[in-house]
Number of protein chains: 2
Amino acid sequence: MGRPVREPIGRQLTRTAKILGRAFDDALVAAGGSQPMWLVLITLKSRQVANQRELADAVGIRGATLTHHLNAMESVGLVTRRRHPDNRRVHLVELTAEGDALFLRLREVVTAFDRRIRDGLSEEDVARLGDLLTRLRANVADQAS
Amino acid sequence: MGRPVREPIGRQLTRTAKILGRAFDDALVAAGGSQPMWLVLITLKSRQVANQRELADAVGIRGATLTHHLNAMESVGLVTRRRHPDNRRVHLVELTAEGDALFLRLREVVTAFDRRIRDGLSEEDVARLGDLLTRLRANVADQAS
DNA sequence: ATCTAACCCTTTGACATCTAACGCTTAGGA
DNA sequence: TCCTAAGCGTTAGATGTCAAAGGGTTAGAT
């Protein structure tokens, strides 16, 4: 009779990411943030970024998109932008005290969410999942047109 | 020294889905389609959908979003919409010959893409990945607020 | 000294997506 | 028979994303 038509793995991945991403964003919005906002905050906290380009790369969005988020975050006082004194092309982005406070609140939400989705999965399961995802990315990158 | 800070699994999933999704869409666009268009086409080919709501659910988007895609697809002659004779609330969506032809072309692209991302993965690997993704979705659904 | 190329960011215009509100149609009850 | 509620799809308005074009700044070559 032929094997049953299974959902392609790519489709399942997309679907899962959409469901998780939505739930994650909901949790962040409830705490006064959003998914891209969280990514900007944690990147600023965890590494030294030289300019907006690097920040955008770390977050995984384009520079134009980052501009919008920084505009919004600056307008509500979460970050400041100022020109680099030695190179006026560069905008230095820095967290304000409010930005820092929001980071701490969101971090709790993120930690709770991570625990929630890993429920019932062993360390080994998570490691294996990470490995499989990495291999998928590598396959796409390998044969990139 | 503490364990090294690993990228949360949710973030890795999102990142992977974004990379794969973009590559997938690029491949479809090169063949004259797009990701949402493909999902509409294959859904129409593979099951009997009673109305647009069902179609939207199958594709994984909202009704309002589907309306846009169907407008576009109808305007280039891929599908037709007509009122159900017995229930004028319902729009029956049907593939045209052009729609069918595009489906066949895109199916080749999709098959090739699936092969490409599975390169080096055994059947068992893929099954395990599917299982892990399913468990993540279940964890989100379980504790949905 | 100036000119050109490169770099950094912003602006513009486009698209996919969502929610909320609306309009048409049908079903069910008074 | 009407009237109200529910169902289906579209429209309007908002957000997040991108590519392409534009403006300011710097570095390097002539």
Side-chain angles (χ1 to χ4, degrees), chain A residues 14-15 17-30 32-41 49-76 79-94, chain B residues 14-15 17-26 28-30 32-41 44 49-76 79-94:
Chain A
T14 301
R15 205 156 52 80
K18 194 168 186 176
I19 291 172
L20 263 66
R22 174 162 307 249
F24 186 53
D25 202 51
D26 286 350
L28 290 174
V29 167
S34 73
Q35 206 166 348
M37 202 178 271
W38 162 249
L39 292 173
V40 168
L41 291 175
V49 288
N51 54 40
Q52 290 188 197
R53 166 89 61 181
E54 273 190 28
L55 180 53
D57 286 347
V59 171
I61 58 180
R62 296 298 173 166
T65 306
L66 180 62
T67 293
H68 291 308
H69 293 302
L70 290 181
N71 286 346
M73 293 176 73
E74 194 175 24
S75 76
V76 296
V79 299
T80 58
R81 270 186 289 194
R82 60 176 227 272
R83 287 315 183 70
H84 190 297
D86 295 346
N87 184 344
R88 294 183 45 74
R89 284 178 297 193
V90 173
H91 283 192
L92 290 176
V93 181
E94 285 160 348
Chain B
T14 301
R15 205 156 52 81
K18 194 169 185 177
I19 291 171
L20 263 65
R22 172 162 308 248
F24 186 53
D25 201 53
D26 286 349
L28 290 174
V29 166
S34 73
Q35 204 165 349
M37 200 178 272
W38 163 250
L39 292 173
V40 168
L41 291 175
L44 289 177
V49 288
N51 54 39
Q52 289 189 194
R53 167 89 62 180
E54 273 189 28
L55 180 53
D57 285 348
V59 171
I61 59 180
R62 297 296 173 169
T65 305
L66 179 63
T67 293
H68 292 306
H69 293 301
L70 290 182
N71 287 346
M73 293 175 73
E74 194 175 24
S75 76
V76 295
V79 301
T80 57
R81 269 185 289 194
R82 59 176 228 270
R83 288 312 182 73
H84 190 297
D86 295 345
N87 184 344
R88 293 183 45 74
R89 285 178 295 193
V90 173
H91 282 192
L92 291 176
V93 181
E94 285 160 347

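Just so it is clear: chains get the letters A, B, ... in the order the sequence lines come, proteins before strands, and each one is counted from 1. As the structure is a prediction and not an experimental result, all values here were calculated from the model. The figures that follow rest on heavy atoms only: side chains count, while hydrogens, waters and symmetry mates do not.
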[N] OP1/OP2 closer than 4.0 Å to side-chain N/O of [X]:
X       : N      : value
A:Arg22 : D:dG16 : no
A:Thr67 : C:dT10 : yes
B:His84 : C:dT26 : no
A:Arg53 : C:dC7  : no
B:Thr65 : C:dC18 : yes
B:His68 : D:dT10 : no
B:Arg62 : D:dT11 : no
A:Arg88 : D:dT25 : yes

Which pair of heavy atoms, one from A:Gly33 and one from A:Met37, lies closest together, and at what distance?
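Heavy-atom minimum between the residues: CA-SD, 4.0 Å.
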Selected nucleotide, minimal atom distance to B:His91 side chain, candidates D:dT10, D:dC18, D:dA27:
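Per side-chain heavy atoms of B:His91, the pick is D:dT10.
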Looking only at D:dC8, C:dT10, D:dA19, the nucleotide nearest the A:Ala64 side chain is D:dA19
Mind calculating the distance between [atom1] ([X]) and [atom2] ([N]) to the nearest angstrom?
X       : N      : atom1 : atom2 : result
A:Met73 : D:dT15 : CE    : P     : 16 Å
B:Ile19 : D:dC18 : CD1   : P     : 12 Å
B:Leu70 : D:dT10 : CG    : P     : 7 Å
A:Ile61 : C:dT10 : CD1   : P     : 12 Å
A:Leu66 : D:dG16 : CG    : P     : 13 Å
A:Arg89 : C:dC8  : CZ    : C1'   : 7 Å
A:Arg83 : C:dT10 : CZ    : C1'   : 10 Å
B:Asn87 : C:dC24 : CG    : C1'   : 11 Å

Going by heavy atoms in the side chains, are A:Val79 and A:His69 under 4.5 Å from each other?
no
Within-4.5 Å side-chain heavy-atom neighbours: B:Asp57 and B:Val49:
no
Under a 3.5 Å cutoff, is there a donor and acceptor pairing between the side chains of A:His91 and A:Arg83?
yes
Tell me the partner of C:dA21, counting only Watson-Crick (N1-N3 plus N6-O4 or O6-N4) or G-U wobble (N1-O2 and O6-N3) with both under 3.5 Å; none if nothing fits.
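By the stated definition (distances under 3.5 Å), D:dT10 pairs with C:dA21.
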Counting neighbours of CZ on A:Arg15 that are heavy atoms of other residues, nucleotides or ligands and sit closer than 6.0 Å, is the number greater than 12?
yes
Reading DNA chain D from 5' onward, which residue's closest nucleotide shows up sooner: B:Lys18 or B:Gln52?
B:Gln52
With DNA chain D as reference, determine whether B:Glu54 or A:Asp86 sits nearer its 5' end, using the nearest nucleotide of each.
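Nearest nucleotide further toward 5': that of B:Glu54.
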Does B:Val29 offer a backbone N or O that forms a donor-acceptor pair with the side chain of B:Asp26 under 3.5 Å?
no
Start at the 5' end of DNA chain C and walk down; is the nucleotide closest to A:Val90 or to A:Asn71 reached first?
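Comparing both residues, the 5'-ward one is A:Val90.
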